[in-house]
Amino acid sequence: MQIGRFRVPMMASLLIWALLWEIVGRLGLTILLPPLSAIAGRMAEIVPTPTFLAAAWITLQAFLAGNLIAIALGVPLGVLMGRSVIADRMLLPWVNLFLSAPLTALVPVIMILFGYGQTTIILTVVMFALWIIVLDARAGVRNIAPSLIEMARVYGATPLQAFLKIHLLAALPEILAGIRLGAIRAVKGVIIGQLLVSIVGFGRLFELYSSNFLMEHFWALILVLFAVAFALAEGLGYLERRVEYYAAARH
Amino acid sequence: MTPASHASQAAPAAPPPRPIVQVERIGKVYPGGVEALSDLSLDFPEGQLTTLLGPSGCGKTTLLKIIAGLIEPTRGQVLVDGQPVSGPGPERAFVFQDFALLPWASVLRNVAFGLELRGLAKGEREAIAEQQIQEVGLKGFEQHFPHQLSGGMRQRVGLARALAVDAKVLLMDEPFSAVDEQTRRKFQEDLLALVAHQKKTFLFVTHSIEEAVYVSDRIVLLSRRPSQVTRIIEPAVPRGGDPDAIRRHASYLDTVETIWRGLKHYVD
Ligand SMILES: Nc1ncnc2c1ncn2[C@@H]1O[C@H](COP(=O)(O)OP(=O)(O)OP(=O)(O)O)[C@@H](O)[C@H]1O
Ligand SMILES: [Mg+2]
């Protein structure tokens with residue numbers, strides 16, 4: 001059974017966990033876990049405040065700017081690696097290294113180079129999102145049916161025509177998957193960047209709430225961010241599925 | 001498609017057509033040392049359908065791609081219309097086994113794609129494409145996408161694309177192997193009609209002896225890798241008339257039998 005896009009069992013299990021949280025919160029076992037209803041009330045209270053909206057706005061800016069830079073760099077780089085063996089040999093080890101590296105450890109280095117501000121946060125976002133975009137664009141180009149490339153050659157495509165009319169479009173499913181995964185990583189990047197810089201956006205709010213033991217505020221903020229990140233991932237996944245028939249028709 | 005015109009074409013007295021594709025002492029060794037072709041020479045007469053038939057892996061696709069200019073031969077050269085081949089060219093078109101259609105483009109755009117790459121204006125190329133879509137029997141499907149079509153219809157799109165660029169030579173690598181048997185037979189008849197009233201040369205690869213005998217003017221039998229021509233057969237099968245009658249005709253059955261005996265020892 002289906003209500004909207006959500007299957008009922010998933011909603012039901014969510015409800016059970018929410019109920020459990022409420023009960024544990026009301027038992028007053030720990031100050032760290034207020035009841036869910038109180039958090040929900042606090043959420044409704046703080047979300048419309050100018051402080052929250054300003055934090056959301058600056059976070060959104062860093063998130064979008066970082067993603068755009070990562071896409072603009074990552075897609076051409078990935079396509080290049082997918083097409084050129086030499087470029088692939090030169091770059092693949094680095095891409096793989098950065099993909100699995102604990103990138104959080106590098107944020108302080110960016111901080112030293114670019115200061116405690118928005119630039120550092122944007123670069124953190126780029127660093128989190130970039131590598132998966134590169135790898136997926138590369139995989140997409142490598143997955144293109146050889147006959148499609150041969151078709152372009154037989155019918156006289158120039159290298160530029162082949163890139164624009166074949167490679168980019170044929171690799172689109174993987175490129176979009178990379179952008180989606182990059183955006184999910186970028187959410188981590190923007191929050192980690194803000195937490196470490198801690199004077200910008202939600203980082204500043206987290207700092208404020210946790211140092212003053214405002215646990216309801218703290219949880220409200222976390223739930224908002226989780227919900228936004230989840231909605232973002234689902235939304236991008238939906239967009240991606242809409243172009244999936246490309247992939248099916250390629251092999 | 002009258003039987004009479006075909007009979008006169010097939011008559012031995014007619015002057016032999018000039019070879020439009022000449023394969024001269026071609027050798028191909030793939031990186032890694034697989035010798036696919038060795039010193040192979042072969043002429044393809046203009047306006048005819050010549051089929052390459054041989055055991056799997058003997059180098060038929062390799063030869064077709066060398067003629068298309070997609071693969072460089074290790075030795076020898078290919079002449080098309082007297083000119084040595086150094087890459088793909090507008091006088092040759094290719095029909096792919098897996099259709100090689102753009103999944104994101106309509107039938108119309110797919111058929112016009114060769115002309116689009118040549119820089120023809122949109123109106124002009126779509127007019128030509130519409131004509132070819134009609135020619136292959138897909139009228140009404142111009143705005144459909146490949147995933148909305150059956151395998152047989154997709155291959156018609158691939159065929160229309162090859163016809164739209166008006167190449168002299170059509171290279172077809174097992175074009176019907178991905179479609180079901182009924183569709184395949186319909187295709188074979190349509191192909192015969194195409195050969196009859198388009199002044200084009202068809203180079204055809206198939207695994208099916210029956211198909212080869214049914215559609216070919218000439219059948220080139222190739223040996224196992226490294227491939228060489230073992231025999232050239234010109235089936236004297238009557239054309240036109242009832243397809244089922246043709247498939248029961250003595251000369252059709254004899255030719256199938258002859259080729260089968262010629263190829264049988266490769267199976268063992
Ligand atoms: N790119 C390649 N690299 C190395 N070897 C290859 C390559 N392409 C083909 N070969 C080898 O060359 C030989 C001829 O291959 P080819 O595809 O031309 O045969 P074919 O006659 O078309 O076979 P089939 O009937 O199965 O389609 C085979 O042994 C194959 O393994
Ligand atoms: Mg083959």
Side-chain angles (χ1 to χ4, degrees), chain A residues 71 75 78-79 82-86 88-89 136-137 139-180 236 238-251, chain B residues 31 61 64-72 85 87-105 109-120 125 144-149 151 154-155 157-158 161-167 169-175 178:
Chain A
I71 293 167
V75 173
V79 172
R83 293 183 65 186
S84 150
V85 181
I86 298 169
D88 202 41
R89 293 243 171 90
D136 276 14
V141 168
R142 289 166 69 101
N143 268 345
I144 299 175
S147 68
L148 216 51
I149 311 261
E150 285 176 347
M151 187 276 290
R153 283 184 61 204
V154 158
Y155 290 102
T158 63
L160 183 67
Q161 280 178 322
F163 174 71
L164 293 177
K165 291 175 190 282
I166 306 283
H167 289 96
L168 217 48
L169 291 168
L172 199 59
E174 283 89 348
I175 290 177
L176 287 181
I179 289 175
R180 176 172 63 85
L236 288 168
Y238 172 71
L239 279 183
E240 203 186 311
R241 278 191 297 278
R242 290 194 55 171
V243 288
E244 209 146 64
Y245 64 80
Y246 287 178
R250 280 181 317 176
H251 299 298
Chain B
T61 298
L64 218 57
K65 285 186 180 171
I66 288 173
I67 295 171
L70 286 169
I71 300 181
E72 291 253 334
V85 163
E91 73 289 345
R92 282 158 288 149
F94 207 102
V95 178
F96 293 86
Q97 182 173 8
D98 64 354
F99 324 133
L101 302 179
L102 307 175
W104 55 85
R109 174 146 185 243
N110 264 297
V111 173
F113 192 65
L115 302 169
E116 179 182 333
L117 292 176
R118 287 183 193 177
L120 233 70
R125 64 179 193 245
H144 282 59
F145 285 82
H147 72 274
Q148 299 170 308
L149 305 178
R154 287 184 206 180
Q155 192 54 293
V157 177
R161 176 176 60 196
L163 293 172
V165 295
D166 201 24
V169 179
L170 265 73
L171 306 160
M172 310 174 97
D173 191 5
E174 299 186 40

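All of these numbers come straight from a predicted model, not from anything done at the bench. The sequence lines fix the lettering, A, B, ..., with proteins before strands; numbering per chain opens at 1.
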Worksheet entry | chain A contact via Phe113(B) - which portion, at a heavy-atom distance below 4.5 Å | side chain

Worksheet entry | Option that, when pairs with chain A are counted at under 4.5 Å, heavy atom only, ranks first among Arg92(B), Gln97(B), Arg161(B) | Arg161(B)

Discussion item. Is it the case that the side chain of Tyr155(A) and the backbone of Phe94(B) share a donor-acceptor pair, with hydrogens and angles ignored and the cut-off at 3.5 Å?
Written reply: yes

Worksheet item: Taking only residues two or more places apart in sequence, or in another chain, which ones meet Arg109(B) in a side-chain hydrogen bond (donor to acceptor under 3.5 Å, both in side chains)?
Response: Glu116(B)

Item to complete: Give the member of Ala157(A), Pro146(A), Ala162(A) that has the highest number of heavy-atom pairs under 4.5 Å with chain B.
Response: Ala157(A)

Worksheet item: Within a radius of less than 6.0 Å around CD of Glu72(B), do more than 12 heavy atoms belonging to other residues, nucleotides or ligands occur?
Response: no

Worksheet, complete the sentence: If one checks every heavy atom of Ala162(B) against chain A at 4.5 Å, the contacting part turns out to be both

Discussion item. For Ala152(A), which atoms come within 4.5 Å of any heavy atom of chain B: side chain, backbone, both, or neither?
Written reply: backbone

Fill in: salt bridge (charged side-chain N to carboxylate O under 4.0 Å, His left out) against Arg118(B), all qualifying residues, sequence neighbours excluded
none

Worksheet item: Can you say whether Ile166(A) sits under 4.5 Å from chain B via the side chain, the backbone, both, or neither, judging by heavy atoms?
Response: both

Discussion item. Which one wins on heavy-atom pair count under 4.5 Å against chain B: Val154(A), Ile149(A), Thr158(A)?
Written reply: Val154(A)

Response to the item:
Scored by heavy-atom pairs under 4.5 Å with chain A, the best of Leu171(B), Val165(B), Leu117(B) is Leu117(B)

Discussion item. So for Glu150(A), is it side chain, backbone, both, or neither that comes closer than 4.5 Å to the heavy atoms of chain B?
Written reply: both

Worksheet entry | Nearest-0.5 Å distance that lies between atom CG in Asp98(B) and atom CE in Met151(A) | 10.5 Å

Item to complete: Look up atom CG in Leu102(B) and atom NZ in Lys165(A), then write down how far apart they are to the nearest 0.5 Å.
Response: 9.5 Å

